[in-house]
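Computed from a prediction, not measured in an experiment: that's the story for all the values here.
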Amino acid sequence: MIPTAILTTLALAFFPVRAAPTPPKDVSTLLAPIIQKNDLPGMAAAVVRKGEVVALGVAGVRTRGRGDKIAVDDLFHLGSDTKAMTGFLCGILVDEGKLKWTQTLGETFPELKKSMSAEYQAVTLEQLLTHRGGAPASLEKDELWGRLRQHQGAATSARRLLLKEVTSKPPEAVPGGKYIYSNAGYAMAGHIAEKVTGKSWEDLMREKIFLPLGMTSAGFGAPGKPAKNDQPRGHKADGTPVQPGPEADNPAAIGPAGTVHCSIGDWAKFVAAQLPSAKIKLVKPATLEKLHTPGAGEPKYAMGWIIADGQPWAGGRALSHNGSNTMWMACAWLAPAKDSAILVTCNQADAKACNEAVLAMIADQFED
């Protein structure tokens, strides 16, 4: 019979005990004065370094006028920070051979050739994802926005309606040239992904991104249930809370441009996949570089990221993006040279306050 001491030694040799991960630093006290100064209901922030959340904090309440405090696992609407996810999804499909960056609207939707303008037929996926496809900045023309909001069918059919209506008219600028920030362009990019896979953008996001990265809290639209104060509520500019429902978010048609919600911890998982030390690599290195490379001209906009050069705290080049459906705000900063990122979310749209929180994270985590 082998002595217990020897068995223990052998077990430790072959199965060494791993030290418990260091819990993230609580930075809640840095956020509290920011929401108080700016009269905001609540906020969350996280710092990611080398694939781990090293700082995490929350402050404030889920709903103005009620006492339920924000928790670290609460869900926040990310608005246009969804765009980087849609770009990433397209990158995955490119690596799988189902898409090409040069793929055009015309070749993807040959059944719409008669109604689609010749200029739009030549627009590429890459141009749509870098806001240089000539797609409009607004969808108000011909009451399209209202029709999309009232649409009763599946989200995929709403995106088909958007595509047909937008491309039946000439682009607002020559494709490949002028930068026009366009939710419609991202909706069309998402619909390209739907066409080549036969699956909805929502299902693709779950299958290709949320599930592999363990983003179990991720979903679409305003989080929470109307009957309960179970999640943060978005708030109007005057501070009025908005209950979850159709009026609490943009139409599902533009989902690929900005309807994802999740906890800040799950958002950190997605952002970690964009950094050099990504533990879960969903795209090839060359594809990730492509996603982070801006189109020609100013501003330097990549596929869901604005490039900010010369950031001392970031060691040079940084990638950034804000997101808001007018009732929430989300702000992301990536520092590839530092293998780090900063994330801030707020349940009322206030870019200034979120920037103050970013600066607080920089001072706390990146400056000696």
One thing to verify: whether [Y] and [X] come together as a salt bridge, which I'm taking to mean a side-chain N less than 4.0 angstrom from a carboxylate O.
{"X": "R132", "Y": "E126", "answer": "no"}
{"X": "K141", "Y": "E172", "answer": "no"}
{"X": "D364", "Y": "K25", "answer": "yes"}
{"X": "E165", "Y": "R147", "answer": "yes"}
{"X": "K195", "Y": "E111", "answer": "yes"}
{"X": "D74", "Y": "R62", "answer": "yes"}
{"X": "E143", "Y": "R149", "answer": "no"}

Could you verify whether a donor N or O on one side chain and an acceptor N or O on the other, from [X] and [Y], lie under 3.5 Å apart?
{"X": "N250", "Y": "N325", "value": "no"}
{"X": "E194", "Y": "T156", "value": "yes"}
{"X": "S80", "Y": "Y181", "value": "yes"}
{"X": "H321", "Y": "Y301", "value": "yes"}
{"X": "T240", "Y": "H235", "value": "no"}
{"X": "W201", "Y": "T86", "value": "yes"}

- Message: Does atom CD (E107) have a neighbourhood of more than 12 heavy atoms from anything else shown, all under 6.0 Å?
- Response: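 Atom CD in E107 is packed in, count exceeds 12.
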- Is the number of heavy atoms from other residues, nucleotides or ligands under 6.0 Å of K164 NZ greater than 12?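 Incorrect, the count does not exceed 12.
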When rounded to the nearest 0.5 angstrom, what is the spacing between [atom1] in [X] and [atom2] in [Y]?
{"X": "C331", "Y": "N355", "atom1": "SG", "atom2": "CG", "value": "5.5 Å"}
{"X": "M116", "Y": "T104", "atom1": "CE", "atom2": "OG1", "value": "8.5 Å"}
{"X": "Q274", "Y": "M85", "atom1": "CD", "atom2": "CE", "value": "9.0 Å"}
{"X": "Y120", "Y": "S168", "atom1": "OH", "atom2": "OG", "value": "9.0 Å"}
{"X": "H292", "Y": "I307", "atom1": "NE2", "atom2": "CD1", "value": "7.5 Å"}
{"X": "L334", "Y": "L319", "atom1": "CG", "atom2": "CG", "value": "5.5 Å"}

- Item | side-chain contact (heavy atoms from CB on, under 4.5 Å) between T108 and L99, worked out | CA-CA 10 Å; T108 308; L99 272 180; 5.8 Å; no
Joint cluster assignment, [X] & [Y], ILVMFWY side-chain distance < 4.5 Å:
{"X": "W328", "Y": "I342", "result": "no"}
{"X": "L129", "Y": "I306", "result": "yes"}
{"X": "V94", "Y": "I209", "result": "yes"}
{"X": "L204", "Y": "I280", "result": "yes"}

Could you tell me whether the side chain of [X] and the main chain of [Y] form a donor-acceptor pair under 3.5 Å?
{"X": "R233", "Y": "Q231", "result": "yes"}
{"X": "K338", "Y": "W313", "result": "yes"}
{"X": "N183", "Y": "G258", "result": "no"}
{"X": "Y186", "Y": "G304", "result": "yes"}
{"X": "S320", "Y": "A332", "result": "yes"}

- Message: Is the shortest side-chain heavy-atom distance between K290 and W101 below 4.5 Å?
- Response: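 Side-chain contact under 4.5 Å: yes.
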- Message: Do L162 and L148 make a side-chain contact, defined as non-hydrogen atoms from C-beta onward lying under 4.5 Å apart?
- Response: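 Answer yes - side chains close enough.
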- Message: Using every non-hydrogen atom in the two residues, find where M329 and A349 come nearest and quote the distance to one decimal.
- Response: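 Reported closest heavy-atom pair: CB-CA, 3.9 Å.
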- Query: Which heavy atom of A314 sits nearest a heavy atom of A335, and at what distance?
  - Reply: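 Answer, listing the atom of A314 first, then A335: CB-CB, 3.5 Å.
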- Item | F88/F270 aromatic ring centres below 6.0 Å |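 That pair passes the under 6.0 Å test.
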- Do any pairs count as a side chain to side chain donor-acceptor pair (under 3.5 Å) and have a residue in residues 342-351, sequence neighbours left out, and if so which ones?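 Side chain to side chain donor-acceptor pair (under 3.5 Å) check on residues 342-351 returns R64-Q348.
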- Message: Going by side chain to side chain donor-acceptor pair (under 3.5 Å), name the pairs with one or both residues in residues 206-219, residues two or more places apart or in two chains.
- Response: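 As it turns out, the side chain to side chain donor-acceptor pair (under 3.5 Å) pairs with a partner in residues 206-219, which skip direct neighbours, are E96-K208, K199-E207, D203-R206, S217-S263, S217-D266.
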- Under the side-chain contact (heavy atoms from CB on, under 4.5 Å) criterion, do F220 and T82 qualify, and how do the steps go? CA-CA 10 Å; F220 309 96; T82 300; over 6 Å; no
